[in-house]
Colleague: 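Below is one structure. I have some questions about it.
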Protein chains: 2
Amino acid sequence: MTNGESARAGDACPSVAVFVVILTVESGELRVLLISRSAEPFRGLWSLPGGVLARDQSLDEAATNKLQRETGVSDVYLEQLYTFHDLDGRGSVAVAYFALVDSRQAQLAHRRTWRPAWFPVADLPPLAFDNNRVIDYALLRLRAKLDYSNVAYSVLPHYFTLSQLQRVYEAILSRPLDKRNFRKRMLSLGIMEPTGKTTADGAHRPAQLYAFRERRPVIF
Amino acid sequence: MTNGESARAGDACPSVAVFVVILTVESGELRVLLISRSAEPFRGLWSLPGGVLARDQSLDEAATNKLQRETGVSDVYLEQLYTFHDLDGRGSVAVAYFALVDSRQAQLAHRRTWRPAWFPVADLPPLAFDNNRVIDYALLRLRAKLDYSNVAYSVLPHYFTLSQLQRVYEAILSRPLDKRNFRKRMLSLGIMEPTGKTTADGAHRPAQLYAFRERRPVIF
DNA sequence: GCAAAAGTGTTCTCTGTACACCCATGT
DNA sequence: ACATGGGTGTACAGAGAACACTTTTGC
């Protein structure tokens, strides 16, 4: 390693890959998008969507594109996670991102050579490379961020009820939350506002619909 | 970008650089190690120590080596920070680390073509690349971690007084802390223990010497 | 009228913060 | 005796956690 120099195109440079841990909440479960590998190595196992970084791409672009191509969504919470080394035993550098998406808006890509699918994070199939580490790391970060950011905006429709929001939190944290305390806290953050509209979707009292003030990543 | 593939050695891969934000506390100030650039680009400006990642190196190895070569120290708090893209306008990928060191233990390297020096983070010279961003990011992380980790162990000698510890915290946070509250909190964390030894270094009451239970990165 | 989900307050505990004085030593 | 830094306790405020009943609707 030479000193004080920025990177140059070298003859012996390691390649750079970008992976995205795409998470959603569905049926009260936190799920992750995985892709069945049709090629060696690890043929037949599942892996995170990702691939080699093109020369003219930025890291964020690569992650955004990957997310868009696999799920069709954009404008969601997407954040760089960590850069791993040698996930594959061949000395590559792998930059991992994580994203939260609304599974109802996602249209999973279906290509000839591989198929993507949602898996509950609590019950993963055998994974290629060292993808378990990457997913564990993403869960840690997501759970830590949940409490002091508005990550949840990208897993919910524009209008949502406080009960829906609570179910999302409960799925991500995988523990039940107290309804009154949850509402008190969420409303006191000032990150959402009542829309005046209500639901009318069942044999029960209609619920107030709320909307996030900001639909972009914000930390409190 | 191809799908589900790990990284491969490509012909058009972007190069990978590793930078280290090496911080210390000296004279009550938080300082960062910078290197005077003797080569283009940005000749004459200062930059963070770093360089291109060799093919057979892991990221952590590269950061550890860089730290060791510039300061002579090892076994300090060293953590991956963030991976930047295109800091230099030439499309490289730059993985940044940050470290905290005890400046009394550090022996700065002095080579022919460049010289390293400590600069107060509050008063930096013009920097090469986009190093201000990297340093700002490191400060954010360090200040956030200070409260719920034992980062400080690596900026202090094995035996230290609570007043020394407090001065380190005050330098990093750049605000004064209340002595009684600080002691109460530090001791209640259970991360350090009294050694029974005391200082005898001035015209005042001797101070109890403490030692960290763990001298390795721990989060609480 | 009953099932189902929405909505709503109070009490307690714990944590963080503000704040001022005596103690042990060297000179 | 005085200057210097070391060491100690209490009171208040705010945040998080525990906890149960009434309301509105569809059927």
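Source: prediction; values computed, not measured. Proteins come first, then strands; the chains are lettered A, B, ... in the order of their sequence lines, and each starts at number 1.
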Colleague: Going by side chain to side chain contact (heavy atoms under 4.5 Å, CB included), V76(B) matches just one of V151(B), L67(B), D102(B), L100(B). Which one?
Modeller: L67(B)
Colleague: Give me the ring orientation class for Y137(B) and Y82(B): parallel if the planes are under 30° apart, tilted from 30 to 60°, perpendicular past 60°.
Modeller: tilted
Colleague: Whole angstrom is fine here: how far is it from CG in D178(A) over to P in dG7(C)?
Modeller: 15 Å
Colleague: With no angle test and no hydrogens, is the base of dG7(D) tied to the side chain of K179(B) by a donor-acceptor pair under 3.5 Å?
Modeller: yes
Colleague: Would you kindly give the CZ-to-P distance between F182(B) and dT8(D), to the nearest whole Å?
Modeller: 14 Å
Colleague: What nucleotide among dC23(C), dT25(C), dC19(D) has an atom nearest to a side-chain atom of R205(B)?
Modeller: dC23(C)
Colleague: Among dG7(C), dA18(D), dT25(D), which is the nearest nucleotide to the side chain of H204(A)?
Modeller: dT25(D)
Colleague: Got a donor-acceptor contact below 3.5 angstrom from the E70(A) side chain to the P49(A) backbone?
Modeller: no
Colleague: Taking donor-acceptor contacts at under 3.5 Å, does the side chain of K184(A) reach the base of dT10(C)?
Modeller: yes
Colleague: When you measure from the side-chain N and O atoms of S163(B) to the phosphate of dG5(D), is any distance below 4.0 Å, counting only OP1 and OP2?
Modeller: no
Colleague: Would you kindly give the CE-to-C1' distance between M186(B) and dT17(C), to the nearest whole Å?
Modeller: 15 Å
Colleague: Can you find a donor-acceptor pair, distance only, under 3.5 Å between R180(A) side chain and dA6(C) base?
Modeller: no
Colleague: Toward the 5' end of DNA chain D, which comes first, P206(B) or D147(A), by nearest nucleotide?
Modeller: P206(B)
Colleague: Rounding to an integer number of Å, can you tell me how far Q208(B) CD sits from dT25(C) P?
Modeller: 12 Å
Colleague: Could you tell me the separation between the CD atom of Q164(A) and the C1' atom of dA6(C), rounded to a whole number of Å?
Modeller: 13 Å
Colleague: Describe, in one word, how the ring planes of F98(B) and Y77(B) are oriented to each other, choosing from parallel (under 30°), tilted (30 to 60°) and perpendicular (over 60°).
Modeller: tilted
Colleague: So, D136(B) and R133(B), do they make that salt bridge, N to O below 4.0 Å?
Modeller: no
Colleague: dA6(C) P sits how many Å from R183(A) CZ, rounded?
Modeller: 7 Å
Colleague: Report the distance from atom CG of N181(B) to atom P of dG7(D), rounded to the nearest whole Å.
Modeller: 16 Å
Colleague: Whole-Å distance between dG16(C) C1' and L173(B) CG?
Modeller: 15 Å
